[in-house]
There are 2 protein chains.
Amino acid sequence: MTGQVRTVDGRVAGRRGQATRQKLLDCLSEMLSSSPYRDVKVIDVARKAGTSPATFYQYFPDVEGAVLEIADEVASETAELTELTQGRSWVGKAGWQTAQELVEGFLEFWRRNDAILRVVDLGAAEGDKRFAKLRTKILSPVNSSLSNSVAELQSKGRVDKDVSPAAVAGALVAMLAAVASHQKGFTQSGVKQAELKPNLALLVYLGVTGKKPTK
Amino acid sequence: MTGQVRTVDGRVAGRRGQATRQKLLDCLSEMLSSSPYRDVKVIDVARKAGTSPATFYQYFPDVEGAVLEIADEVASETAELTELTQGRSWVGKAGWQTAQELVEGFLEFWRRNDAILRVVDLGAAEGDKRFAKLRTKILSPVNSSLSNSVAELQSKGRVDKDVSPAAVAGALVAMLAAVASHQKGFTQSGVKQAELKPNLALLVYLGVTGKKPTK
DNA sequence: TCGGTAAGCTGACGGCATGACAGGACAAGT
DNA sequence: ACTTGTCCTGTCATGCCGTCAGCTTACCGA
């Protein structure tokens, strides 16, 4: 499925090549976590990986290109998020449970990959279609699952006709992502982690079902 | 209130100086709208302003420093957002109206300043306290207003005791900001502008009041 | 064992951005 | 015209970017 890994100038990468390539990606990941995106330089990544800048350019066209690779890896790991919503009930106590677990899992996922997701978000917001596509790919499991849940409740008459499942799901996912990105901002303005999560879950539940949860 | 405008090396700026300074800020603003943040260079801004890089460094320590200035301007304009929430009712039809106007106004505000707000968001997410502070300053009118509204409804027993007004308000504002940043992402996945807004308003109303709106 | 071939890496280089400084141009008052 | 302080830019050392030729290393078939 995934075609062979190739260098910029077309050679196929062997074992050793793939190793250095991966090492560069790992080091880039670290750098993204520790310094502002704008200040991440090829030479720093290369130094950290114990290689030369020229080597970096063998495997990636530029920093952005490498970032896209990392984001692609993250997009693959996104499958685990599917479990948080697939086949879950949104009715009664079980529904409240679903909302809580979704929030918990989503925040954890975002926390684990915050550096790269931050950059993807920026790229998408700036209108770069490659980043935008990756962002929707990363969020799509949760997004479409929520959307389906709303649509199902709607077909049963439990949610108003004029609600757009896709719009609601998209907005809720955007909310979760944004809050995850700015968790520090919340704790700084006096909102504790412990009280943030249930309130998020409440908003998600309200958005999906249109009703208050029965706890 | 705002102390005199000063150059990096301490001189006070006169009329002419302030003009070029402002021109540099304007050009930077434009550049942020048209090219990725990572690719905005001092030399380009200077060229666009018809001056030299050295002049730029007279007024700002670096690109980031100039961005902070622009963001500060935006933070001052944020007063207009206060009108969208101050003294509005969240009860019955009037409440639904309030939610709609808030969404409309917020999205418009964000659209008008999207380039700079994008960068502020990034800086805050990266943990830069200066950007984080500016972000809360920009969002605080809407944020605290919503928070107060929830608290008020709560004191009247119309909202559950265990809801945290600050957490809910923060999450809703984050949602609005995130959706505004990624409006293109929505339209690309088949959600039209026209249906996005009422659904956002619905989520805001639900979050604040805990009930479905009466339209 | 021995080339042959492709993969893998780097030194070196022109080009460009950064950031600092000193000195020249300019406006305003005397 | 002269002085003063503001304002701008030419120039320079430094450092990163992105490319290339060329060297080393690993693999493979004979």
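Excluded from the calculations below are hydrogen atoms, water molecules and symmetry mates; all remaining heavy atoms, backbone and side chain alike, are included. Each chain gets a letter, A, B and so on, in the order its sequence line appears, and its residues count up from 1.
- Atom-to-atom, CZ of B:Arg11 to C1' of D:dT4 comes out at 13 Å; the value is rounded to the nearest Å.
- Ring planes of A:Phe56 and A:Phe60: tilted class, angle from 30 to 60°.
- Whole-Å rounding puts the B:Asp39 CG to C:dC16 P distance at 16 Å.
- Toward the 5′ end of DNA chain D lies the nearest nucleotide of B:Gln18, the other residue of the pair B:Gln18 and B:Arg38 mapping further downstream.
- Taking a cutoff of 4.0 Å between a charged side-chain nitrogen and a carboxylate oxygen, B:Arg88 and B:Glu83 do not qualify as a salt bridge.
- Side chain of A:Ile43, nearest nucleotide from C:dT18, C:dC9, D:dC16: D:dC16.
- The distance from the CG atom of A:Asp9 to the OH atom of A:Tyr59 is 9.5 Å, given to the nearest 0.5 Å.
- Per the geometry, CZ belonging to A:Arg21 stands 15 Å off P belonging to C:dA7, to the nearest Å.
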Quick one: side chains of residues 196-204 of chain A, donor-acceptor pairs under 3.5 Å with protein atoms, not counting sequence neighbours, listed by atom name and distance.
from, atom 1, to, atom 2, distance (Å)
A:Lys197, NZ, A:Glu104, OE1, 3.4
A:Lys197, NZ, A:Glu104, OE2, 3.3
A:Asn199, OD1, B:Ser164, N, 3.0
A:Asn199, ND2, A:Glu195, O, 2.5

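- C:dC9 atom P lies 11 Å from atom NZ of A:Lys23, rounded to whole Å.
- Of the residues in residues 46-61 of chain B, those placing a heavy atom less than 4.0 Å from an atom of DNA chain C are B:Ala54, B:Tyr57, in numerical order.
- In the model, B:Ser149 has a side-chain atom that pairs as donor or acceptor with a side-chain atom of B:Trp90 under 3.5 Å.
- A donor atom on one side chain and an acceptor atom on the other are found under 3.5 Å apart for A:Gln22 and A:Asp26.
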Is there any protein nitrogen or oxygen under 3.5 Å from a nitrogen or oxygen in nucleotides 24-27 of chain D, and what are the pairs?
from, atom 1, to, atom 2, distance (Å)
D:dC27, OP1, A:Arg15, NH2, 2.9

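- The two residues A:Ala180 and A:Leu107 have their closest heavy-atom pair at CB-CD1, 4.3 Å.
- Counting all heavy atoms, side chain and backbone alike, A:Asn143 lies closest to A:Gly170 at OD1-N, 3.4 Å.
- Nucleotide C:dG19 holds its P atom 15 Å from the CG atom of B:Leu24, rounded to whole Å.
- Among the protein residues, B:Thr7 comes within range of no part of the nucleic acid, since none of its heavy atoms lies under 4.0 Å from any strand.
- Distance, A:Asp9 CG to D:dA21 P: 12 Å, rounded to whole Å.
- In this structure, A:Gln4 places its CD atom 13 Å from C1' of C:dA7, rounding to the nearest Å.
- A cation-pi arrangement is present between A:Arg38 and B:Tyr37 under the rule of less than 6.0 angstrom and at most 45 degrees off the ring axis.
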